There are 2 protein chains.
Amino acid sequence: MKSLSIKDIATKANVSITTVSFIINGKAKEKSISEAVIDKVQKIIEESGYKPNQIARSLRTGNSNIIGLIIEDISNSFFSRIARLIEDKAYKKGYKIIYSSTENSVDKAKELINMFKSRKVDAYIISPIKGIEEDIQMLINDGNPVIFFDRNLPEISTSYVGADHFNASYQSIESFINQGKKNIALVTTDINVPQITERYDGYRKALEDHNIPYNDDLVLKIHFNQEEDETIGQIKELFNDKNIDAVLFATNYLAISGLKVLKKINKKIGADFSVIAYDDHEAFELHTPGISTVQQPLEEIAENVIMLILKQLSSKTKLEDQQIIIPAKLIIRE
Amino acid sequence: MKSLSIKDIATKANVSITTVSFIINGKAKEKSISEAVIDKVQKIIEESGYKPNQIARSLRTGNSNIIGLIIEDISNSFFSRIARLIEDKAYKKGYKIIYSSTENSVDKAKELINMFKSRKVDAYIISPIKGIEEDIQMLINDGNPVIFFDRNLPEISTSYVGADHFNASYQSIESFINQGKKNIALVTTDINVPQITERYDGYRKALEDHNIPYNDDLVLKIHFNQEEDETIGQIKELFNDKNIDAVLFATNYLAISGLKVLKKINKKIGADFSVIAYDDHEAFELHTPGISTVQQPLEEIAENVIMLILKQLSSKTKLEDQQIIIPAKLIIRE
DNA sequence: AGTTAAAAGTAAAACGTTTTACTATTTCAA
DNA sequence: TTGAAATAGTAAAACGTTTTACTTTTAACT
């Protein structure tokens with residue numbers, strides 16, 4: 001069964017296609033279409049269940065009312081929660097979100113950008129990875145609104161919304177130090193983006209400011225794409241071989257791997273071994289004892305992302321780039 | 001900067017639009033275009049970075065190479081994990097997935113269907129909710145491939161892939177009984193879909209088969225859309241007021257609320273109080289003691305969904321409906 | 001009574017593709 | 001040397017909208 005077109009409606013109502021189009025788009029008044037005709041056409045549309053073909057519409061107008069969201073991995077709870085919030089807020093403004101995961105693959109990221117481009121999404125919300133700078137610069141050059149969140153690419157100048165990773169990390173380490181810890185480890189990834197390096201910088205600076213010598217042996221950089229088993233092995237080595245009394249995990253999935261290790265080697269979290277995880281997760285609240293975490297302000301991040309995007313979409317001219325850094329919250333659990 | 005069109009390429013190559021189109025779509029040979037021309041055009045396409053406008057393409061061909069995925073909530077780990085798997089597999093076959101959450105709202109579900117429809121997605125993968133039967137029936141009548149997963153709607157006849165909820169639930173309860181439990185509670189939701197009612201039926205049947213009287217007081221039906229605080233309150237009441245030695249949670253988020261209650265009232269899981277959760281979650285593995293769970297076969301579900309969809313998409317005729325029920329796995333953790 | 005302005009509506013081009021039906025040239029067998 | 005078949009390619013219609021520029025009718029004012 002072919003679906004109805006504007007032509008069918010026009011025929012049924014005995015008016016021109018143009019008239020129907022004006023009515024659909026709420027321009028009837030301004031184009032001086034009579035009440036009688038408006039009512040008639042609207043009734044027919046209602047009864048027939050006609051919905052305009054968005055593809056034809058996009059082809060003609062050049063925009064789609066769709067915002068593309070590119071993230072690392074939708075099955076990571078940080079991203080899925082933020083995706084949900086962004087979707088919610090965009091939806092209320094009449095925008096739809098389509099999202100896809102890069103899985104940290106440069107090739108897939110590029111393909112996704114191409115797919116979104118050839119589908120003419122109106123704007124891009126991206127948690128970027130290294131290696132796609134050129135592609136993104138092209139998007140920007142072509143006049144597409146692009147906004148980064150969570151991660152940033154210093155080479156690209158565009159708006160960015162993210163948490164204050166440096167300070168969150170600094171404060172975490174400081175809280176360890178205040179508890180009297182001296183041998184503080186950092187488990188992080190080797191992804192080379194500011195969002196991650198800032199956590200490292202915060203770690204280092206906090207040690208330095210409190211006159212604790214930095215020890216490279218206590219920093220474990222996990223390769224970003226490896227199997228969890230391998231990660232667990234490396235963390236186990238760290239915990240077994242080094243003398244450690246506190247550890248900061250730079251992402252929630254690293255923390256989860258770390259907790260699995262602790263369970264396996266039967267090491268208890270307590271007075272002589274403290275843990276803080278970056279990015280909250282349901283497992284941390286439930287854990288006994290509760291795992292302290294750095295909570296990213298998801299709601300605020302989503303809010304600001306959407307706010308910036310919508311502002312740009314409704315403006316004729318290119319707005320100035322903004323860097324919105326939102327403090328993260330250290331949640332201490334016992 | 002306007003993006004290139006096929007026309008630009010044709011002009012540059014000094015050939016017709018038709019020729020370029022044939023080359024792009026790999027029909028050059030069959031349409032007898034000479035090697036020389038093919039090479040020339042391909043080189044130009046390569047150099048210029050031209051990408052066909054998918055919108056125009058969709059408008060003309062009537063399909064989009066996009067599959068719409070409608071789920072309840074992308075921030076629920078069951079859905080986000082399955083979404084990721086489906087996305088992965090579809091991607092490898094050249095299909096893109098766009099997904100959106102219904103949040104258990106009939107209105108939003110209907111809107112999503114309309115949005116997908118007006119964007120001409122090639123197929124629909126839906127975890128359905130009550131109240132959208134009519135809309136889905138229309139999709140099917142219009143000849144769209146539709147496949148349900150996780151949940152089913154008995155009124156609609158279409159393919160379905162899901163876990164064997166009845167037996168999973170039955171086995172869970174049986175394992176309680178084998179441990180000598182007598183007062184077994186069920187915490188479930190009041191969503192009225194087979195996927196949920198089967199879990200209830202399995203619970204009841206297992207009790208019955210082992211001559212344990214069914215007690216309505218031990219079944220708590222949580223309203224599907226309420227705040228977590230309220231849920232926690234109700235579960236707390238159940239745990240405090242009734243004499244219970246085991247509990248099956250029918251979804252992972254209910255189990256998480258339940259674990260929070262246990263932590264709060266300081267009730268320990270152990271010999272005299274057992275727990276099984278439906279749908280695994282990282283928190284369950286990490287929990288001390290580990291929480292036993294019914295693991296849904298995510299990989300197989302995703303696999304079968306995609307397999308059925310692709311089969312339908314590549315077939316001219318409507319294939320017969322299939323109901324694929326996959327056993328779930330009871331994981332006992334100590 | 002004649003002019004102008006407003007009201008009510010429409011024809012047709014354009015968006016960027018795919019595809020059908022066609023033309024013109026070359027090859028080759030009889 | 002003819003004519004059929006193969007080769008190499010193209011013009012134009014169609015997909016379903018939006019929008020510009022236009023026409024016709026009615027009303028309003030001198």
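Labels below follow one simple rule: chain letters A, B, ... track the order of the sequence lines, proteins then strands, and each chain is numbered from 1. None of the values given here were measured: they were computed from a predicted structure.
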Interface polar pairs with nucleotides 22-25 of chain D, N/O, under 3.5 angstrom:
none

Less than 4.0 Å between a side-chain N and a carboxylate O, is that true for B:Glu35 and B:Lys40? no
Give a yes/no on whether any side-chain N or O of B:Thr19 is located under 4.0 angstrom from OP1 or OP2 of D:dT10. yes
Check: D:dT18 base within 3.5 Å donor-acceptor of A:Arg60 side chain: yes
Under 3.5 Å, is there a donor on one side chain and an acceptor on the other for A:Lys31 and A:Ser21? no
Provide the full list of ring pair (Phe, Tyr, Trp, His ring centres under 6.0 Å) pairs with a residue in residues 61-93 of chain A, sequence neighbours left out, each pair given once. none
B:Glu30 CD - D:dG9 P separation (whole Å): 15 Å
Over its full length, what angle do the end axes of the helix from C:dA1-D:dT30 to C:dA30-D:dT1 make, each axis taken from five pairs and the result rounded to 10 degrees? 60°
Looking only at side-chain atoms of B:Leu59, point me to the closest of C:dT19, D:dC15, C:dC15. D:dC15
Over all strands shown, is A:Ser21 touching base, sugar-phosphate only, or nothing at heavy-atom distances under 4.0 angstrom? base
Return the value, rounded to whole Å, for the distance between atom CG of A:Asn65 and atom P of D:dT17. 16 Å
Under 4.0 Å: is that the gap between some side-chain N or O of A:Arg57 and OP1 or OP2 of D:dG16? no
Check the side chains of A:Asp107 and A:Ser105 for a donor-acceptor pair under 3.5 angstrom, ignoring hydrogens and angles. no
B:Asn25 vs C:dT18: side-chain N/O to OP1/OP2 distance below 4.0 Å: yes
Quiz question: by atom type and distance under 3.5 Å, do the side chains of A:Thr19 and A:Ser16 form a donor-acceptor pair? yes
Classify the nucleic acid contact of B:Lys27 as base, sugar-phosphate or nothing, counting any heavy atom under 4.0 Å across all strands shown. sugar-phosphate
Take the protein atom CZ of A:Phe22 and the nucleotide atom P of D:dT19, then report the distance between them rounded to whole Å. 8 Å
A:Asp39 with A:Lys43: basic N within carboxylate O range, under 4.0 Å: no
Separation of A:Asn53 atom CG from D:dT18 atom C1', in whole Å? 13 Å
Check side chain to side chain donor-acceptor pair (under 3.5 Å) between B:Lys12 and all other residues, then give those that pass, not counting sequence neighbours. none
Among all residues two or more places apart in sequence or in another chain, which pass the ring-ring contact (aromatic ring centres under 6.0 Å, His included) test with B:Tyr99? A:Tyr99
Do any side-chain atoms of residues 153-160 of chain A form donor-acceptor pairs under 3.5 angstrom with protein atoms, and if so which ones, sequence neighbours left out?
| residue | atom | partner | partner atom | Å |
| --- | --- | --- | --- | --- |
| A:Glu155 | OE2 | A:Lys130 | NZ | 3.4 |
| A:Thr158 | OG1 | A:Val146 | O | 2.6 |
| A:Ser159 | OG | A:Gln322 | N | 2.9 |
| A:Tyr160 | OH | A:Asp150 | O | 3.1 |

Residue-phosphate contact under 4.0 Å: A:Thr18 side-chain N/O, C:dG9 OP1/OP2: no
What residues, two or more places apart in sequence or in another chain, satisfy side chain to side chain donor-acceptor pair (under 3.5 Å) together with B:Lys92? none
Could you pull out the protein-nucleic contacts involving nucleotides 6-8 of chain D (nitrogen or oxygen on both sides, under 3.5 Å)?
| residue | atom | partner | partner atom | Å |
| --- | --- | --- | --- | --- |
| D:dA8 | N7 | B:Ser32 | OG | 3.1 |

Has B:Tyr50 got a side-chain N or O lying under 4.0 Å from the OP1 or OP2 atom of C:dG16? no
Please report, rounded to the nearest Å, how far the C1' atom of C:dG16 is from the CZ atom of A:Arg119. 14 Å
Applying side chain to side chain contact (heavy atoms under 4.5 Å, CB included) to A:Ser58 and not counting sequence neighbours gives A:Ser64, B:Ile55
Contacts of A:Glu300 that satisfy side chain to side chain donor-acceptor pair (under 3.5 Å) - sequence neighbours left out: none
Any side-chain heavy-atom pair from A:Lys96 and B:Ser100 closer than 4.5 angstrom? no
Which residues pass the side chain to side chain donor-acceptor pair (under 3.5 Å) test with B:Glu299, not counting sequence neighbours? B:Lys89
Gap between atoms CD1 and P, on B:Ile23 and C:dT17 respectively (whole Å): 14 Å
Looking at DNA chain D, which of residues 6-17 of chain A put a heavy atom within less than 4.0 Å of it? A:Ile6, A:Ile17
B:Ile24 has an atom CD1; how far is it from atom P of C:dT19, in whole Å? 12 Å
Nearest-angstrom distance from the residue atom NZ of A:Lys120 to P of C:dG16: 7 Å
If only atom types and distance count, is the side chain of B:Gln312 paired as donor or acceptor with the main-chain N or O of B:Thr317 below 3.5 Å? yes
